[in-house]
Amino acid sequence: MNKFYQFANKVKIVTGKDSINELAKEMVLFGARNILVVSDRNIKKLGYIDVIKKIVSTNTRLRINATYVNVPRGSSMDTIEEAYTLFKDNSCDSIIACGGGSVINTAKCLKLMVATKTKKLSQLCGTGYARKQDDIPFGVVATTVGGGSDIDETASIIDERNMTRHEFSSEIMQPDFCILDPTFVKSLPEDRFLLGGIELLINSVEAYLNKRYNPISNNYALFSIKILSNIFDDFVVSGKLDENKCIELQECSAMSGMALASSLGGLSHALTNAICACSQAYHNLVLAVVFPVCLAERLDENREDCATLLRYTVPQKEWSAIDKNKRAGYFVEKSCTFIKAVLEKYGLAHRLKDMGVERESLEHIAELACNDSVLLTSAKWYEKSDMMKILEMCW
Amino acid sequence: MSKKYNAKPLRIRKSYSLFNSYVYLSGVKACYKHDSRVRKIFDEMPDGFDLVIGVLDRHHAALITKLDGELQCKIVVDYISSNNSLQIMFKNLASEEIVLGNRISFFQAYTQGRLITVGDNLLAVKYIKMMMIVQSYLASIRQRKESLPESLPLEVAPAVVKSRVMFRGLI
């Protein structure tokens with residue numbers, strides 16, 4: 001374990017049924033007046049923007065000056081600069097992001113630009129360098145579970161002009177508060193919801209196995225894994241998730257987000273980022289396909305940690321009945337079987353070729369993955385050939 | 001941090017930092033000659049691109065640049081950042097001393113939040129990996145065992161690179 005580490009998370013989490021009603025109060029508490037709402041067209045269609053407008057209108061101090069709903073899937077630099085112009089033109093002083101990963105990443109970068117008084121986002125590329133010159137209230141209403149982007153301090157943005165992906169990382173980007181209301185995730189189809197749950201599990205496991213781990217992020221990861229295994233056990237028995245389980249899942253989302261924000265991720269995240277940059281595949285689906293292979297590949301390296309994780313995923317009796325030397329292998333097998341079963345149940349692709357990833361692009365993906373910052377936190381040195389081996393297995 | 005470390009006067013720490021930067025720059029030049037991975041990274045480096053390695057808000061930095069296809073390594077004072085550059089900066093002198101003194105690896109420094117990068121992050125990863133390769137040659141056997149990944153392969157014997165660095169120092 002690291003003897004020297006840094007852990008920071010200043011995001012206030014407001015969770016529970018009807019927690020959306022707290023939105024106006026929180027915005028006022030953080031000093032907001034004129035709000036820009038950032039979202040996408042699907043969220044607008046579902047009527048969530050109207051709900052936010054209605055809640056904000058209950059407080060006479062607040063006013064929604066503009067709404068930006070043109071965020072595409074996979075945020076881009078142009079989108080953010082467009083939102084920045086809208087923010088400035090309408091004299092806004094605060095942001096509410098309502099949506100999933102892309103929307104939240106857009107809003108985070110927008111906050112970074114405003115807080116550092118920079119007109120060009122490309123000038124802010126890098127990690128931890130931006131210096132705050134202005135503070136703007138920023139709230140998030142999460143409509144998905146899984147990514148943890150509502151909690152962490154990083155954003156991955158596509159540069160369409162140069163066909164590259166830029167990473168931004170700064171504490172300035174973190175939201176001031178995040179609302180996790182179960183009614184806002186109800187619209188998700190069951191398979192997407194469950195995939196979100198699997199992504200949470202993967203994020204937590206990777207956060208625990210990562211070299212960058214520290215006692216604080218470890219505890220978040222372990223607790224999240226424990227709750228998730230209970231939720232999944234119930235789901236396997238009953239076949240559906242009730243509202244309480246939804247709230248628990250959202251809480252897990254926050255916890256695994258905090259763990260991942262501190263420990264960045266692992267090999268499967270590096271590969272998934274690279275695959276998503278080269279194709280239109282869904283992030284959590286790719287992660288679900290890549291993770292079992294990566295976990296099995298790194299079993300020898302993480303044998304002790306995997307054995308510890310098993311203790312949090314099976315009942316005490318079952319755990320003690322398993323041979324000490326076989327616990328790590330059992331954990332890997334159990335995780336892989338569960339993920340495979342979910343993918344098969346909903347008829348989801350469980351090979352990269354079924355997701356539209358071309359074989360010719362594997363080499364490029366392997367090269368991109370080798371240069372992912374996530375791997376800098378890995379204990380092992382990965383070469384392109386190692387990546388190709390895993391990619392071939394997933395393809 | 002030990003009391004002994006804190007007791008060092010700032011000018012000695014600065015000189016030590018300068019010396020470490022010089023050794024690393026010599027190491028980069030030697031690895032450019034002997035290690036194909038380092039050579040590949042610098043061959044792909046565009047002309048006029050600056051790679052700066054230094055300490056945040058300190059006056060001197062190690063600058064690696066490519067001019068007319070030739071790699072140039074030097075120590076500069078008050079580097080003015082350009083658009084065509086990448087800066088890998090240590091947060092403070094203590095971090096620089098620990099990393100360039102090979103007590104921890106560049107990877108560990110990144111994971112512990114001791115490094116700040118300014119510029120394209122994908123490029124930054126490439127160059128941090130390159131610095132790690134250089135470090136693997138310059139570190140002692142004990143340091144390599146303690147702080148560097150076992151799976152990091154060396155293409156030539158570390159003595160080849162070290163002797164070149166020493167020779168450069170002597171002249």
Side-chain angles (χ1 to χ4, degrees), chain A residues 1-8 120 122-131 153-157 159 162 164-171 210-214 217 262-264 270 273-274 277 298 300-301 367-386, chain B residues 1 36-37 40-41 44 52 54 56-57 81-92 94-95 98-99 103-133 135-136 144 146-155:
Chain A
M1 192 175 292
N2 274 329
K3 283 175 188 166
F4 181 100
Y5 63 87
Q6 298 174 20
F7 184 92
K120 283 232 162 211
S122 54
Q123 289 174 357
L124 296 166
C125 284
T127 54
Y129 178 66
R131 289 174 192 195
E153 53 184 46
T154 56
S156 183
I157 306 294
D159 183 355
N162 301 323
T164 51
R165 191 171 56 86
H166 291 295
E167 279 181 35
F168 298 86
S169 172
S170 169
E171 278 173 31
N210 199 315
K211 195 185 176 188
R212 201 181 184 181
Y213 62 61
N214 59 61
S217 69
S262 169
S263 49
L264 284 182
N273 290 343
R298 293 181 305 163
D300 290 333
E301 198 185 312
E367 204 165 316
L368 274 181
C370 272
N371 291 329
D372 198 295
S373 59
V374 166
L375 285 188
L376 292 184
T377 62
S378 167
K380 205 182 158 193
W381 179 270
Y382 289 100
E383 295 278 354
K384 196 176 160 186
S385 54
D386 301 320
Chain B
M1 205 182 294
S36 64
R37 293 162 298 179
K40 194 187 165 204
I41 287 172
E44 284 170 5
V52 185
L56 200 67
D57 300 333
S81 63
S82 71
N83 284 340
N84 199 13
S85 73
L86 175 82
Q87 297 178 40
I88 300 171
M89 310 299 270
F90 294 98
K91 275 187 182 169
N92 47 40
S95 296
I98 290 169
V99 180
R103 274 185 272 164
I104 61 168
S105 68
F106 270 82
F107 275 21
Q108 281 170 314
Y110 186 84
T111 58
Q112 292 176 359
R114 293 176 190 270
L115 288 180
I116 281 174
T117 61
V118 186
D120 187 357
N121 215 30
L122 292 178
L123 268 182
V125 176
K126 226 181 201 180
Y127 288 113
I128 290 174
K129 282 177 99 173
M130 182 273 293
M131 289 307 287
M132 181 96 159
I133 295 172
Q135 193 177 25
S136 69
R144 207 175 303 135
E146 279 175 5
S147 55
L148 294 162
E150 281 174 26
S151 45
L152 172 57
L154 299 178
E155 287 186 1

Check your understanding: By salt bridge (charged side-chain N to carboxylate O under 4.0 Å, His left out), which residues pair with K126(B), not counting sequence neighbours?
Key -> E44(B)
Exercise for review: Examine whether an atom of F168(A) lies under 4.5 Å from a heavy atom of chain B, and if so say whether it belongs to the side chain, the backbone or both; otherwise answer neither.
Suggested key: neither
Review point. At a heavy-atom separation under 4.5 Å, does M132(B) approach chain A through its side chain, its backbone, both, or neither?
Key: side chain
Check your understanding: For L122(B), is it the side chain, the backbone, both, or neither that has a heavy atom closer than 4.5 Å to a heavy atom of chain A?
Key -> both
Review point. Tell me, side chain or backbone of L124(A) under 4.5 Å from chain B's heavy atoms, or both, or neither?
Key: neither
Check your understanding: What residues, two or more places apart in sequence or in another chain, satisfy side chain to side chain donor-acceptor pair (under 3.5 Å) together with E367(A)?
Key -> K384(A)
Point to revise | K380(A) side chain vs L152(B) backbone, donor-acceptor pair below 3.5 Å | key: no
Review point. Is there a side-chain contact between L375(A) and V125(B) (heavy atoms, below 4.5 Å)?
Key: no
Review point. What part of E383(A) lies closer than 4.5 angstrom to a heavy atom of chain B: side chain, backbone, both or neither?
Key: side chain
Exercise for review: Pick one of side chain, backbone, both or neither for D386(A), based on which atoms fall under 4.5 Å of a heavy atom in chain B.
Suggested key: neither
**Study point:** Shortest non-hydrogen separation from Q6(A) to Q112(B) and the atoms involved
**Key:** NE2-O, 3.3 Å
Review point. Is the shortest heavy-atom distance from the side chain of W381(A) to the side chain of I133(B) under 4.5 Å?
Key: yes
**Study point:** Contact check, side chains of Y382(A) and S151(B), non-hydrogen atoms, under 4.5 Å
**Key:** no
Review point. Which answer fits L56(B), side chain, backbone, both or neither, if we ask what part of it has an atom under 4.5 Å from a heavy atom of chain A?
Key: side chain
Review point. Counting distance only, does the side-chain N/O of T377(A) pair as donor-acceptor with the main-chain N or O of T111(B) below 3.5 Å?
Key: no
Point to revise | Distance, nearest 0.5 Å, that separates OG of S122(A) from CG of D120(B) | key: 10.5 Å
Practice item. May I have the step-by-step check of side chain to side chain contact (heavy atoms under 4.5 Å, CB included) for Q108(B) and F4(A), ending in yes or no? Key: CA-CA 10 Å; Q108(B) 281 170 314; F4(A) 181 100; over 6 Å; no
Review point. With respect to chain A, which residue among N121(B), L123(B), T117(B) yields the maximal number of heavy-atom pairs within a distance under 4.5 Å?
Key: T117(B)
